[in-house]
Amino acid sequence: MITNSSPLLIASKVSKTIDDNTQKNQRAQILNAIDFEAHPNETIAILGRSGSGKSTLLNILAGIVDADEGEVHFYGHKLHELNNKQKTLVRRNHLGYVFQFFNLVPTLTVEENIFLPLELLGKKETNRLQVEQYISELGLSSLRKRFPNQLSGGEQQRVAILRAISHQPQIILADEPTGSLDVDTGNQVADLLFNSVNETSTLIVVTHSEEIAARANSIYELSRGKLHKRIANSL
Ligand SMILES: Nc1ncnc2c1ncn2[C@@H]1O[C@H](COP(=O)(O)OP(=O)(O)OP(=O)(O)O)[C@@H](O)[C@H]1O
Ligand SMILES: [Mg+2]
């Protein structure tokens, strides 16, 4: 079981190879024995060139993609020991994931998407006032009855972010969460993500923005399959 001081997420010797489309019958190693920990109250930024494996790493940390080698401990659970149903339950309870391409449920409205995690947990009323305030602050009030295909990219991104934090998860993974937003809205969203971290939770954000990265306690760069810690700001 997880205690106040134990890491919320541990990756140990995580490796992943993929088919290398540039060379026939070759495999490319995009993650090479990655070790990584995320602690309560810690915010972590991961930078890296396009194609370096950032989204793949987040998907492995979330148990959505299996590593070829290595282990991930997610909120005290050894993901490789869980079946798909168990992993889904662990994610439902403890994970908020802002996907790079949003992954909103197309048949649900804006408000249904945002409240979906709370609905699944049977806690819709618990955090309603706070979520309603976020909806208003992010300028989504007039869009709440729309479906995702009736939204701009930036509007979809804001919905995806509120969906990720509505149930106050302990582990927030955000994959380029400001990629489709103007600078002001991006900063507003970054405020929301970083402010949602507390002594029981952690945020890992993949970004191409130095400004967003500078808000994090720790900055890593993913390059040639390795995570390099770039700057160690004080916690
Ligand atoms: N399911 C897959 N099958 C084969 N190759 C894949 C798969 N998913 C990703 N890749 C490849 O793995 C590499 C890393 O992809 P990934 O999406 O993790 O990169 P990224 O760092 O998130 O890039 P970006 O900044 O563009 O989002 C890329 O070369 C990509 O083409
Ligand atoms: Mg990516």
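First listed ligand is number 1; within each ligand, the first listed atom is number 1.
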Tested for side chain to side chain contact (heavy atoms under 4.5 Å, CB included) against L47, the lone hit among I219, V206, I212, L222 is I219

Counting no waters, what protein N/O/S atoms lie under 2.8 Å from the Mg ion (ligand 2)?
S55 OG, Q100 OE1

Expected output: side-chain H167 to main-chain H94 donor-acceptor under 3.5 Å:
no

Applying a heavy-atom distance cut-off of 4.0 Å, which protein residues contact ligand 1?
I18, I30, R49, S50, G51, S52, G53, K54, S55, T56, Q100, E176, H208

Can you label the angle between the F36 ring and the Y220 ring as parallel, tilted or perpendicular, going by 30° and 60°?
perpendicular

Examine the side chains of S218 and E42 and answer whether a donor and an acceptor come within less than 3.5 Å of each other.
yes

Under 3.5 Å donor-acceptor, N217 side chain and T43 backbone
yes

Hey, which of N32, N59, L31, I34 is the one that makes side chain to side chain contact (heavy atoms under 4.5 Å, CB included) with K16?
L31

Nearest heavy-atom neighbours spanning T107 and E112:
O-OE1, 4.4 Å

Within a reach of under 6.0 Å around CD of E71, are more than 12 heavy atoms found that belong to other residues, nucleotides or ligands?
yes

For a quick check under 3.5 Å, do S201 and N198 share a side-chain donor-acceptor pair by atom type?
yes

